[in-house]
Amino acid sequence: MSPRESASGYLEDLNPEQREAVEHMGGPLLVVAGAGSGKTRVLTYRIAHLMRRHGVSPWGILALTFTNKAATEMKERVERLVGAGARDMMVGTFHSSCARILRREIEPLGYSARFSIYDESDSLRLLAQCLDELGLDRKSYHPKALRGVISSAKNEMVDEESFAGRVEGDFFMEVASRVYRRYQERLRANDALDFDDLLCHMVTLLELYPATLERYREKFRHVLVDEYQDTNAVQYRMVRLLAGERGNLCVVGDDDQGIYSWRGADMRNILEFEKDYPEARVVKLEQ
């Protein structure tokens, strides 16, 4: 990190392409960045630039990443540029950001603000209980395999009711459908969400309650997404909902690299960004 990062002339640290991305205002921005081209610097400097030069409140910024490490690094670097005010930004993973919002907003969906969050081991244990309740053999229908099926469905925003209508004629998937239904019943009874539910319920909340959606659109005047090529269907819907027609959306990604395909990442999200946002500016970081 340059020693000038916290100085008044911080933009001098940027090459022309990086500076173009940082200074772009008004409308969607796609930054295509390969390894070592400074994409993290662009995101952090862009956030700092919004706050320092354009008076954007830290409360009005939502920055989404895929790892806690990346989120922590981004927040620390912005804080070095703009000071302690950066601590008021919402910078985090998709899952942690959704969890924070759902703690305040989830009650209309039938959960309390104190809902539990089930990790992988909790989910597998609950799936095993569901199999026992349904009289199904855990060796024939392994909880981990069923969890994969259910997780894939949730990543495509397919709930248990819709899933049941898609599996006729496939014996294993029909069993998975029964387990999925029981699993969701048990989660609701336990006032609990699994990791996939954090994203699904966030999208459901925004889609079912327009007033809530509008409130968060007004709150988050600028949305930034790192590693956009790794977003899946539910993350894509969430970002599009929050960005809204204002379109102050900045996404950074590498269209040659996708590491979360096992989570349902869809490369089309970055490849078709200009189709989704025809007025978007595209900046390629090639140095």
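Note that the coordinates shown come from a computational prediction; the quantities given were computed from them, not determined experimentally.
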Donor-acceptor pair, [X] side chain versus [Y] backbone, under 3.5 Å?
X	Y	answer
R182	S177	no
R46	H24	yes
H54	V56	no
S140	D137	no
N190	A192	no

Just list the side-chain donor-acceptor pairs under 3.5 Å for residues 165-175, sequence neighbours left out, or say none.
unit_1	atom_1	unit_2	atom_2	d
D170	OD1	F172	N	3.3
D170	OD1	M173	N	3.2
E174	OE2	G169	N	2.9

Can you find a pair of side-chain heavy atoms, one from [X] and one from [Y], that are under 4.5 Å apart?
X	Y	result
N248	M25	no
D119	F195	yes
V283	L29	yes
V42	E17	no
V251	V31	no
D13	R41	yes
E23	H49	yes
P58	M51	yes

Test I47 against M89 for side-chain contact (heavy atoms from CB on, under 4.5 Å), laying out the working first.
CA-CA 10 Å; I47 292 170; M89 300 183 305; 3.3 Å; yes
side-chain contact (heavy atoms from CB on, under 4.5 Å), that's the test. Do R77 and T40 meet it? Break it down for me.
CA-CA 9 Å; R77 293 182 69 170; T40 302; 3.7 Å; yes
Run the numbers on L30 and Y277 for side-chain contact (heavy atoms from CB on, under 4.5 Å), then give the verdict.
CA-CA 10 Å; L30 167 62; Y277 303 96; over 6 Å; no
Validate the cation-pi geometry between R103 and F115: distance from NZ or CZ to the six-membered ring centre under 6.0 Å, angle to the ring axis within 45°.
yes
So, is the end of the R147 side chain (NZ or CZ) under 6.0 Å from the ring centre of Y183 and within 45° of the ring's axis?
no
Testing [options] for side-chain contact (heavy atoms from CB on, under 4.5 Å) with [X], which one passes?
X	options	answer
M90	I101, I61, L64	I101
F94	T65, V234, L198, V239	V239
L208	T204, T212, L206	T204

Using the rule that Ile, Leu, Val, Met, Phe, Trp and Tyr join whenever any side-chain heavy atoms are under 4.5 Å apart, tell me whether [X] and [Y] fall into a single cluster.
X	Y	value
V158	L193	no
L199	L187	no
Y118	I106	no
L81	W59	no
I117	I150	no

Going by distance alone, is a donor N or O of one side chain under 3.5 Å from an acceptor N or O of the other, for [X] and [Y]?
X	Y	result
E227	Q229	yes
T231	N269	yes
S112	D191	yes
S152	N155	no

Salt bridge present between E107 and R104 (N-O < 4.0 angstrom):
no
Pair R221-L50, side-chain contact (heavy atoms from CB on, under 4.5 Å): steps then yes or no
CA-CA 11 Å; R221 309 288 290 188; L50 289 169; over 6 Å; no
To the nearest 0.5 Å, what is the distance between [atom1] ([X]) and [atom2] ([Y])?
X	Y	atom1	atom2	result
E133	E185	CD	CD	9.0 Å
C250	D226	SG	CG	9.5 Å
D230	Q235	CG	CD	8.5 Å
Q184	L126	CD	CG	9.0 Å
D159	C200	CG	SG	9.0 Å
M238	M202	CE	CE	4.5 Å

Please work out which of the three classes, parallel, tilted or perpendicular, describes the rings of Y180 and F163, given edges at 30° and 60°.
perpendicular
Considering all heavy atoms, the nearest [X]-[Y] contact:
X	Y	value
E160	R181	CB-CA, 4.0 Å
V252	A33	CG1-CB, 4.4 Å
D194	S123	CB-OG, 3.7 Å

Any residue meeting ring pair (Phe, Tyr, Trp, His ring centres under 6.0 Å) with Y228, in chain and number order, not counting sequence neighbours:
F273
Evaluation steps, salt bridge (charged side-chain N to carboxylate O under 4.0 Å, His left out), between K39 and D254
CA-CA 9 Å; K39 67 180 181 62; D254 182 349; over 6 Å; no
More than 12 foreign heavy atoms under 6.0 Å from CZ of R215: is that the case here?
yes
